[in-house]
Every structure is written in C-alpha cells, then in structure tokens.
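Below is one structure, written out as structure tokens; comments come after it.
Everything numeric here is computed off the predicted structure, so don't read it as measured data. Because only heavy atoms are used, hydrogens play no part in the values below, and waters and symmetry mates are left out as well, while side chains stay in. To find a chain, count down the sequence lines: A is the first, B the second, and so on, and within it residues start at 1.
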Number of protein chains: 2
Amino acid sequence: MDDIDRTIISLLSQDARRALSDIGAHVGLSPSAVNERLRRLVASGAIQRFTVAVEAQALDLPILAFVWIALSERADEAAFRAHAAADPQIEECHHVTGEWSYLVKMRTGSLADLETFLAGLKQQGFLGRSQTVLALSSPVPGVFVPPCAG
Amino acid sequence: MDDIDRTIISLLSQDARRALSDIGAHVGLSPSAVNERLRRLVASGAIQRFTVAVEAQALDLPILAFVWIALSERADEAAFRAHAAADPQIEECHHVTGEWSYLVKMRTGSLADLETFLAGLKQQGFLGRSQTVLALSSPVPGVFVPPCAG
DNA sequence: TTGCGGTCATGGATGACATTGACCGCACAA
DNA sequence: TTGTGCGGTCAATGTCATCCATGACCGCAA
C-alpha cells in the first residue's frame, strides 16, 4: 500500500469504470501493472467490492433516519445484529460509545415503515429505549474519496 | 424505473463489474437492452456513479466518529456546508431534526485529528455545541443493496 | 379491423479493453 | 559475484461494451 495504490483507489472512488490505461497514465504505469496492483488491492480486502452509488429518491426511499438504540437487558446482542443485517432498509449499524448501544442508519419509504421497524424490535424483545432523528438534507453527498497521495 | 431496473441496480450494487450478458441472463434481456437501460439509469441520475467500497483500515483511518453539531448563532450555514464538503475526512453531513442541527460522519487517522477538526470549527465561529460519538464496530457493513423486485 | 407512430428489444459487426504469459531490470542476501 | 524474488514492460489473445439497422409489440384513431 504505497502512494500509487492510494491514488488508484482515489481514482476508482470517483469513477470505477476508468480504463486501466487511463489510470496508468495518471500514476505513470502500464495497464498491466495497474491491473496487477488492482488484483492485489482486491485480494487483500483493501477494495471490498465494486459497486454503484444510487440516488435514494429513485428507489422510493425518501426517509433517511438515524435511530439510537439501547438494547433491553434481556436482549441477545448477536441476535440483534443478525436482525439488523437481515433488514434491507438498514444501511449501517454501528456499535457506539456513550449513552446508546447502537446507531442505525436506515432508509424507508415512509414514516410508517420506520414505526413498523421499531415495533418489530420491541416485539422481539431487543428494544430498551430508542430515539429517532430524521435527516432533512445532505449538504455533503456520501462520497468517500480517500486522500490522494498522502 | 420498473422491477427490471431495480433488479439491475441491485445486481450492480453487489458487483458493479458484472458483464451485461450476465445481468441480462438474470433479468431476461439481451446485453444491448441491459446496456440501454443502464445508460438511462445513469443519465436520469438514479445511478449517480460507479465506485469502489474501501476498507477504512487499509487507508489508515481507524477512527469512525459521529459528531453532532449545533451551529453558533452567528454561523453562516452555507459557509459551514462548504467547509464540510471540502474536508476529505467527512464522509457524510446531514441536516437533521431535533436537538442538533447537523450530524457529521467522519473518518480520521487518530483522535487528535478529530480534536483538530472540532478546534477548526470553533476557530471559524461555526461551532455552538457539539457531541462526539465513536463507533466501535460495524456489525452491518455499509452495503446498500436495494430491495430486489419490490 | 386496419393503419400508424412510438417504444423497446434483438442480433451482428466492430473496436476497445482486460487479461495473460514471456521477458527484463533492479534490489537484496548469500 | 551470483541467485532469487518482486514488480515492471510489452505483445498477443479473447472477451466484452458499444453501435446501428432491423423487427416486434402496444396503444390509439379512423
């Protein structure tokens, strides 16, 4: 993992369909050399997968919510994680420091779906307390372009 | 945007390097037809861009923090957004309901970098109050695979 | 029913591209 | 100096995206 690798990752973050020859021109390597580095980056797990950034509106998921969760005392933590992983509405689920146990980031089609999700948690005995925060807008898109060369 | 489009998006979310013929086999279309749909999905903005999912550890960014921010009374909201957008450490910045104005999700190399970020906000007069929550682990990876066919 | 226009998928030709393997040079250790 | 391994270039090959002409299907109006 040197500066060239980081530059390659940065370029791919912006556009993962760039040609190897194009990347090579940026970093001063042949397409083959870039391909070999790319293979290693994927094999090592540094690049987890190639994917697409999707506009939530296009998928009819206008609600973006952050839900703070404190598990109930009798909750099985592993079961909760499995539950979260299985719900396609959940984009992220983080174990966090502080007052709450988990922070869940989720997209739903409506506020009713959000209520249903929380009701499900309660019914299965996971939920101690929770607090929901709605996102109104995102001034910074979810772009993750890692620092280039440094 | 019909079920076929949604399926295409779902397949690309898992692996954006799938061949058009492979996608076509899943949805029952020819490669050309898939290509045409893909072109429209990109043109309409439903697919914002092709990118790669990067493991933060590989980039020496072990700290994942959520920072709640209440702007100071004299803060210029647009300036704050520009400031956030310009910081490569910030992955997301959401305008939210409730007690706080903004929720910032950021990755840094160290806790010191986090302090530096907050100090910078204060120095520029943006910061009213703030509260930082650290993520310890992510039981659910940041995969966003939209619901398929439904 | 028939005729028409628009939308959308098909299939094949073409060119670009990823991929592979052989070869080369350099750094390092014995 | 010599052997070894890593990481690069270059050229050949096969796959694939892309483009275009053609044709099927659907809704609508006469």
Side-chain angles (χ1 to χ4, degrees), chain A residues 1-61 141 143-150, chain B residues 1-61 141 143-150:
Chain A
M1 171 64 64
D2 56 11
D3 277 355
I4 291 181
D5 282 332
R6 270 184 280 270
T7 304
I8 290 175
I9 288 177
S10 177
L11 290 170
L12 288 176
S13 296
Q14 296 161 37
D15 178 9
R17 287 198 296 185
R18 270 201 166 84
L20 295 180
S21 56
D22 183 45
I23 299 173
H26 274 82
V27 300
L29 288 179
S30 69
S32 306
V34 174
N35 194 37
E36 173 60 14
R37 280 172 175 267
L38 198 49
R39 193 193 60 74
R40 279 204 302 272
L41 286 171
V42 171
S44 73
I47 291 179
Q48 295 171 320
R49 74 188 165 286
F50 286 70
T51 184
V52 289
V54 180
E55 192 207 19
Q57 304 295 340
L59 294 168
D60 257 342
L61 297 171
V143 191
F144 181 38
V145 182
C148 190
Chain B
M1 171 64 63
D2 56 12
D3 278 352
I4 291 182
D5 282 332
R6 270 184 280 272
T7 303
I8 290 174
I9 289 176
S10 177
L11 290 170
L12 289 176
S13 297
Q14 297 163 37
D15 177 9
R17 288 199 296 186
R18 269 202 165 83
L20 295 181
S21 57
D22 183 45
I23 298 173
H26 274 82
V27 299
L29 288 180
S30 70
S32 305
V34 174
N35 193 39
E36 171 60 15
R37 280 172 176 268
L38 198 48
R39 191 194 60 73
R40 278 205 302 272
L41 286 172
V42 171
S44 73
I47 291 179
Q48 294 170 322
R49 73 189 170 287
F50 286 71
T51 184
V52 288
V54 181
E55 192 209 17
Q57 304 296 339
L59 294 168
D60 258 342
L61 297 171
V143 192
F144 181 37
V145 181
C148 191

Report task. In whole angstrom, give the distance that lies between atom CZ of B/Arg37 and atom P of D/dA17. Result -> 17 Å
Requested in this report: Nearest-nucleotide wise, let me know which of A/Pro31 and A/Arg17 is further upstream toward the 5' end of DNA chain D.
Outcome: A/Pro31
Query raised in the report: With a 4.0 Å cut-off, would you call A/Arg17 and A/Asp22 a salt bridge?
Result: no
Report task. Output yes when at least one side-chain N/O atom of A/Asn35 is less than 4.0 Å from OP1 or OP2 of C/dA18, else no. Result -> no
Requested in this report: Return the value, rounded to whole Å, for the distance between atom CG of B/Asp5 and atom P of C/dA9.
Outcome: 9 Å
Report task. Could you state the atom-to-atom distance from CD of B/Glu36 to C1' of C/dA9 in whole Å? Result -> 10 Å
Query - A/Met1 versus A/Ala46, closest heavy-atom pair with distance - result: CE-CB, 4.2 Å
Report task. Please report the closest heavy-atom contact between B/Arg37 and B/Asp2, naming both atoms and the distance. Result -> NH1-OD1, 3.0 Å
Query - Residues B/Asp3 and B/Arg6 bridged, charged N to O under 4.0 Å - result: yes
**Report entry** Gap between atoms CZ and C1', on A/Arg40 and D/dG8 respectively (whole Å)
**Finding:** 10 Å
Report task. Looking only at side-chain atoms of B/Ser30, point me to the closest of C/dA18, D/dT9, C/dT10. Result -> C/dT10
Report task. Just compare D/dC19, D/dG8, D/dA17 and give me whichever is closest to any side-chain atom of B/Ser32. Result -> D/dC19
Query raised in the report: Between D/dT9, D/dT18, D/dG7, which one does the side chain of A/Ala33 approach most closely?
Result: D/dT9
Query raised in the report: If you check every side-chain atom of A/Ala19, which of C/dC17, C/dA9, D/dG8 has the closest atom?
Result: C/dC17
Requested in this report: Would you kindly give the CZ-to-C1' distance between A/Arg18 and C/dA18, to the nearest whole Å?
Outcome: 17 Å
Requested in this report: Locate the shortest heavy-atom distance separating B/Ala16 from A/Val52; write the atom from each residue and the value.
Outcome: CB-CG1, 4.2 Å
Query raised in the report: Counting only side-chain N and O atoms of B/Arg39, is one of them less than 4.0 Å from OP1 or OP2 of D/dT18?
Result: no
**Report entry** Integer-rounded Å distance: D/dA17 P and B/Ile23 CD1
**Finding:** 8 Å
Query raised in the report: A/Asp2 CG to D/dG8 P: how many Å, rounded?
Result: 8 Å
Query raised in the report: Expressed in angstrom and rounded to an integer, what is the separation of B/Leu20 atom CG from D/dT18 atom C1'?
Result: 9 Å
